[in-house]
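Note that this is a predicted model, so its numbers are computed, not measured. Counting convention: from 1, in listed order, for ligands and their atoms alike.
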Amino acid sequence: MSAALAGVRIVVSAGPTYEDIDPARFLGNRSSGKMGFAVAAEAAARGAQVVLVAGPVHLPTPAGVQRIDVRSARQMHAAVLSALPCDAYIGAAAVADFTPRMTSPQKIKKQAGQETLMLELVKTSDILAEVAASPQRPRLVVGFAAETEQVAEYARDKLLRKRLDLICANQVGQAGAGFESDDNALLVISAEGQQALGPASKQTLAGQLLDLLAERLA
Ligand code: C5P
C-alpha cells in the first residue's frame, strides 16, 4: 500500500445522525456509514493520521483510525470542530438538516381520538459549510451530495454555496449504489471540472478519491 498521505491529518465524518424526539423515538436516515468508513480505512492505510467522527452505525473501527462516536447533528458538529485543525475534511456523513425543537423527556403518549401530531423542527448547523468558512479552514474541504434527481446540478450548487474544493455526488435510489449498498458510483466535481468514478466497491472508490486528494495536497 502506498504511503502517499504520510503525515497528513484527515478528519472524516460518516454515517447518519439520530435526532431524538423522546426517549423511544428519533428522526434518522438510511446512511450506513460504509463510504465514510472506507475513506477513513484507505486514508489510514496510506499513512494519514485519521480522525473518524461516526454517527450511529454498526461498523468496526478501521485499523489505525481514531474514532469518535456521536449520535446527533449537534454532537457531530462539536466533535468535528474540535478535531480541527487538519489538512483535509471529508464530510461523508448524512447529517440531519432539521432536528426537533424540543426532545420530550417522557415518551409522547397518543391521546384518545388524536389523529395528528405536530413536531416542530429547527435547522441544524451546516458542519461542512462551517468547516469551509472557519479561520482554521483545512486545505481541502470535500463534501458528499446524495441526490435523487439533477445530481450534477444540485452538487455543483453545493460546491459553490458551501465553498468546497470537491464534491462527490451520487444518485440515491439506484440499485447497486448509494446508502446501504457495498458499491457506489461517484461524480467528483471541482471548480476545474468533473470526473466519474465507478461503479465500483466503496473501498475502490475511496482509494480513487484519496488519489485525487493526494494530488491536490502534494
Ligand atoms: O446540503 P446537503 O445536506 O445535501 O449537503 C450534503 C453535504 O453537507 C454532506 O457532505 C454533509 O456531510 C454536509 N452537511 C453537513 N451538515 C449539515 C448538513 C449537511 O456537514 N447540517
(request) Assess whether atom NZ of Lys123 is packed by more than 12 heavy atoms of other residues, nucleotides or ligands within 6.0 Å. (result) yes
Between ligand 1 and the protein, give all atom pairs where both partners are nitrogen or oxygen and the distance is under 3.5 Å, as lines of names plus distance to 0.1 Å.
from     : atom 1 : to     : atom 2 : distance (Å)
ligand 1 : 1 (O)  : Lys162 : NZ     : 3.1
ligand 1 : 4 (O)  : Lys158 : NZ     : 2.4
ligand 1 : 5 (O)  : Lys162 : NZ     : 3.1
ligand 1 : 8 (O)  : Lys162 : NZ     : 3.1
ligand 1 : 10 (O) : Gly91  : O      : 2.6
ligand 1 : 10 (O) : Phe144 : N      : 2.9
ligand 1 : 10 (O) : Phe144 : O      : 3.3
ligand 1 : 12 (O) : Gly91  : O      : 3.3
ligand 1 : 12 (O) : Ala93  : O      : 2.7
ligand 1 : 16 (N) : Ile127 : N      : 3.0
ligand 1 : 20 (O) : Ile127 : N      : 3.4
ligand 1 : 20 (O) : Leu128 : N      : 2.8
ligand 1 : 21 (N) : Thr124 : OG1    : 3.2
ligand 1 : 21 (N) : Ser125 : O      : 2.9

(message) With a 4.5 Å cut-off on side-chain heavy atoms, are Cys86 and Ile10 touching?
(response) no
(message) According to salt bridge (Lys or Arg N to Asp or Glu O under 4.0 Å), who are the partners of Arg74, at least two apart in sequence or on a separate chain?
(response) none
(message) Just so I know, are the side chains of Met76 and Ser13 near enough to count as touching, which here means a heavy-atom distance under 4.5 Å?
(response) yes
(request) Answer yes or no: is there a side-chain heavy-atom contact under 4.5 Å between Thr99 and Leu27? (result) no
(request) Provide the closest heavy-atom pair for Ala54 versus Arg67 in the form atom of the first, atom of the second, distance. (result) CB-NE, 3.9 Å
